[in-house]
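A quick note: this is a predicted structure, and the numbers were derived from the prediction, not measured. To find a chain, count down the sequence lines: A is the first, B the second, and so on, and within it residues start at 1.
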Amino acid sequence: MADDKKLTPRAEDFSAWYNELVLRAELADHAPVRGCMIIRPNGYGIWERMQRALDTRFKETGHQNAYFPLFIPQSFLNKEAQHVEGFAPENAVVTHGGGKLLDEPLVVRPTSETIIYSSFAKWTQSYRDLPIKINQWANVVRWEMRTRLFLRTLEFLWQEGHTAHATHDEAEAETRMILELYREFMEGHMAMPVVTGLKTEAEKFAGALRTYSTEAMMQDNKALQAGTSHNLGQNFAKAFDLTFQSEAGTLEHAWNTSWGVSTRMVGGLIMTHSDDKGLRTPPKLAPVEIVIVPIWKTDEDLGTMREVAKRIVADAQAWSGRGEDRLRFHIDDREGIRPGEKYYHWELRGIPLRLEIGPRDLAGNQCMIARRDTGEKTAVSLDGLPATLADLLATMQRDMFAAALARREANSIREAISYDRFKEIMEGPGAFVSAGWNGDPAVEAQIKEETKATIRCLPDPEFRSPTAPTRCLLTGEPAKFEALWAKSY
RNA sequence: CGGGACGUAGCGCAGCCCGGUAGCGCACCUGAAUGGGGUUCAGGGGGUCGCAGGUUCAAAUCCUGUCGUCCCGACCA
């Protein structure tokens, strides 16, 4: 382990301190897979908890996990015109197999719509076969020009959901349901507030009818697209002959949706919550919620404190129940390391609560508890400790969300502003700006060119201005749409 | 592919302008004291200065080339 002390973690410059110390993530060291991420076990816990929580929700909403091939024949991708156009520049293509030139190149999946819907087509004959609702946990490859740890890696791990429905409305309902599911996860588990909304034509998924996204604000005021949910319409169904006979007897194309979130969320978590002391993990995603640091002077004390710590853990776990409800502890009884050093160690790693207990506390039937989010340290009674800890964790989860939301709101602008003012804001720290747009892609492109800001989405009502902007940015004409503008990752 | 920076000990860096044969912090090893917020003191090990040429009595330092990394931009979740 490298030297913790040298680290000056800057929330707004997380790339300077991510590696090794906090999440144990790194980029591979062989070109050209340098853009690929390696996550070692002690950081992986956060992603595993994310995965488990999402997987549970997918199953609760009627989806099943399935696994499809890594290789996609080039011809599959070619079938949907917009899709192939969108992905062709970033595809990794396998041309040789078994030492021979392949008749047809194989694309390493950048996403699995084509290979999955070709299967759906075989599985579907009647409306009774629909809906099909599956999810796949998989790694995919996109040959990016420039990579960035967590946010844009050459290969990334994600889940991609794929469904087929009999009607447009049912597919649209699925798309929106998943968007809300993502929101609940991001706000409830990650304590990361998101704006949901519709992507513009310029920003939507290649091949989709409509794309919705969740947009989170990072501590540098940039937007991070954290998840997407697409209503694919009948585009892929038509390309892959995904048809079914309706109740009325007619042959119809199915309606598809696809949606995904990736390891990018780990980057979002870091950039939303970390501070100058390191990572802060919302309790629900913390692999360890409470670290106990026993304090001792003599060997006898050490023995006593170890017993006490074990008893605290056993009592709390018995109290809190089984499975997900069970409180997660770590006892740091390492010898030869002073308590202060342990405190810094665990703060850096974002463990939500620290419980200190020594002979003096024991004599007073109490212990010290420090919160990672606020830094508060208080003495609490050992009586009823499990409930105290559980309450504190729940409070932290809420407080972290509230703090992140307050920060986003403080950096959001909803009143009408001039284009000059808009440029000024985007040249500075940036902001989430709710501003008018006339729907013209050329205007969208020109504003991107001049300010680097893009339309993150046409936001759902909760982010919109109570008094909607009446004038379009740049053109000044009456606004057709209210859009969320921001610089983004 | 354009623009910019940087390669010196395991990690982070100074030294380079003005050449004289390498240093600091952390980490590591030994010993002692210490032990409720990154202990202190004493001693110690570790580097062909990215690589290849050139200039020079002498190159980490100057010159040329080369390789690599990072940052910014185009692309993108």
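- Using N1 to N3 plus N6-O4 or O6-N4 for Watson-Crick, or N1-O2 and O6-N3 for G-U wobble, each under 3.5 Å, U48(B) pairs with nothing.
- Judged by distance alone, with hydrogens and angles left aside, the side-chain atoms of T454(A) form no donor-acceptor pair with the main-chain N or O of R456(A) at under 3.5 Å.
- Partner assigned to C70(B) is G4(B), using Watson-Crick or G-U wobble distances below 3.5 angstrom.
- As judged by a 4.0 angstrom heavy-atom cut-off over every strand, R354(A) is placed among the base-contacting residues.
- Pairing for C11(B) goes to G25(B), judged as Watson-Crick or G-U wobble with the two contacts each under 3.5 Å.
- Q225(A) comes within 4.0 angstrom of sugar-phosphate atoms only, judged by non-hydrogen atoms across all strands, and of no base.
- C18(B) sits 40 Å from C29(B) when the C1' atoms are compared, rounded to a whole Å.
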Would you list the protein and nucleotides 32-34 of chain B atom pairs, both N or O, that sit under 3.5 Å from each other?
residue	atom	partner	partner atom	Å
U34(B)	O2	R338(A)	NH1	2.8

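- The aromatic rings of F58(A) and H63(A) stand perpendicular to each other, their planes meeting at an angle above 60°, with 30° marking the opposite boundary.
- Looking at T374(A), its side chain does come within 3.5 Å of a backbone N or O of E376(A) through a donor-acceptor pair.
- S262(A) comes within 4.0 angstrom of a nucleotide base, judged by non-hydrogen atoms across all strands.
- No close placement of the W259(A) and F205(A) rings is indicated, their centers lying 6.0 Å or farther apart.
- Residue R360(A) has its side chain nearest to G36(B) when only A77(B), C75(B), G36(B) are considered.
- Across the strands present, C17(B) finds no partner; the criterion is a Watson-Crick or G-U wobble pair with both atom distances under 3.5 angstrom.
- Heavy atoms of E347(A) sit under 4.0 angstrom from at least one base atom.
- Without hydrogens or angle criteria, R57(A) side chain to A53(A) main chain gives no donor-acceptor distance under 3.5 Å.
- Using P as the reference atom, C41(B) and U56(B) are 50 Å apart when rounded to the nearest Å.
- Pair assignment for U34(B): none, as no Watson-Crick or G-U wobble contacts are both less than 3.5 Å.
- Between G50(B) and C6(B), the two C1' atoms lie 11 Å apart (nearest whole Å).
- As judged by a 4.0 angstrom heavy-atom cut-off over every strand, F205(A) is placed among residues making no nucleic acid contact.
- In this structure, the nucleotide among G36(B), C75(B), G37(B) sitting nearest to the side chain of Y344(A) is G37(B).
- Judged by the 6.0 Å and 45° rule, R109(A) forms no cation-pi pair with F71(A).
- Remark: the E341(A) side chain and the G35(B) base include no donor-acceptor N/O pair separated by less than 3.5 Å.
- Each of W255(A), F236(A), F240(A), F76(A) was evaluated against Y117(A); a single residue qualifies, F236(A), per the ring-ring contact (aromatic ring centres under 6.0 Å, His included) test.
- K452(A) has a side-chain polar atom (N or O) that falls below the 4.0 Å cut-off from OP1 or OP2 of A74(B).
- Counting any heavy atom pair closer than 4.0 Å across all strands shown, P359(A) reaches a base atom.
- W158(A) comes within 4.0 angstrom of no nucleic acid atom, judged by non-hydrogen atoms across all strands.
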